[in-house]
Participant: 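Please find one structure pasted underneath; my questions will follow.
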Amino acid sequence: MVGKVVQLDPYKVGNMTVLKRPDASKARGLLEMVARQVQPILRRRQWTVPLLSEMYPKQRNLLGLNISGGGGGCSQIKLRLREAGDPATLLPY
């Protein structure tokens, strides 16, 4: 009997990093939820996101950045997870 070969999905979020701030474990949980939610889009478009990370920019209205272009060729997606002006408070998901 031949064993079933399981092929890993190459179209996914690779690694995740959060800032060293209060509630870092909750912030990681938010990134994990985002990664799960975008998985079908990544698969359908055959895109990968090598690094999904938290950012806390000075610009209050900046919510995210795509580093190194788009179209599946990005190297990192950065998301704001915390309230502008209050780095201890996570945004609701």
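Because only heavy atoms are used, hydrogens play no part in the values below, and waters and symmetry mates are left out as well, while side chains stay in.
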Participant: Apply side-chain contact (heavy atoms from CB on, under 4.5 Å) to A27 and list each qualifying residue two or more places apart in sequence or on a separate chain.
Facilitator: V18, E54, L81, R82, L90

Participant: Provide the full list of salt bridge (charged side-chain N to carboxylate O under 4.0 Å, His left out) pairs with a residue in residues 21-34, sequence neighbours left out, each pair given once.
Facilitator: R28-E32

Participant: About how many Å separate CG of L31 and CG of L52, when rounded to the nearest 0.5 Å?
Facilitator: 4.5 Å

Participant: What heavy-atom pair brings V49 and L42 nearest, and what distance separates the two atoms?
Facilitator: CG2-CD2, 4.0 Å

Participant: Holding to side-chain hydrogen bond (donor to acceptor under 3.5 Å, both in side chains), I want the full list of residues that pass it with R36, two or more places apart in sequence or in another chain.
Facilitator: none

Participant: The criterion is side-chain hydrogen bond (donor to acceptor under 3.5 Å, both in side chains); which residues satisfy it with N61, sequence neighbours excluded?
Facilitator: none

Participant: Under the side-chain hydrogen bond (donor to acceptor under 3.5 Å, both in side chains) test, which residues partner E83, sequence neighbours left out?
Facilitator: none

Participant: Should L51 and M16 count as side-chain neighbours, where that means a heavy-atom distance under 4.5 Å?
Facilitator: no

Participant: Do V38 and Y93 sit in one hydrophobic cluster, given that two such residues count as connected whenever their side-chain heavy atoms are within less than 4.5 Å of each other, even indirectly?
Facilitator: yes

Participant: Nearest 0.5 Å, what's the CG-CG distance between L79 and L30?
Facilitator: 10.0 Å

Participant: Mind checking what makes salt bridge (charged side-chain N to carboxylate O under 4.0 Å, His left out) contact with R43, not counting sequence neighbours?
Facilitator: D9

Participant: Check which hydrophobic residues are tied to Y56 through side-chain heavy-atom contacts below 4.5 Å, counting indirect links as well, and list them.
Facilitator: L19

Participant: Quick one, S68 with Q76, criterion side-chain hydrogen bond (donor to acceptor under 3.5 Å, both in side chains). Give me CA distance, side-chain angles, the key distance, then yes/no.
Facilitator: CA-CA 7 Å; S68 282; Q76 181 178 10; over 6 Å; no

Participant: Just wondering, do Q37 and Q39 contact through their side chains at under 4.5 Å, heavy atoms?
Facilitator: no

Participant: Which residues pass the side-chain hydrogen bond (donor to acceptor under 3.5 Å, both in side chains) test with Q59, sequence neighbours left out?
Facilitator: none

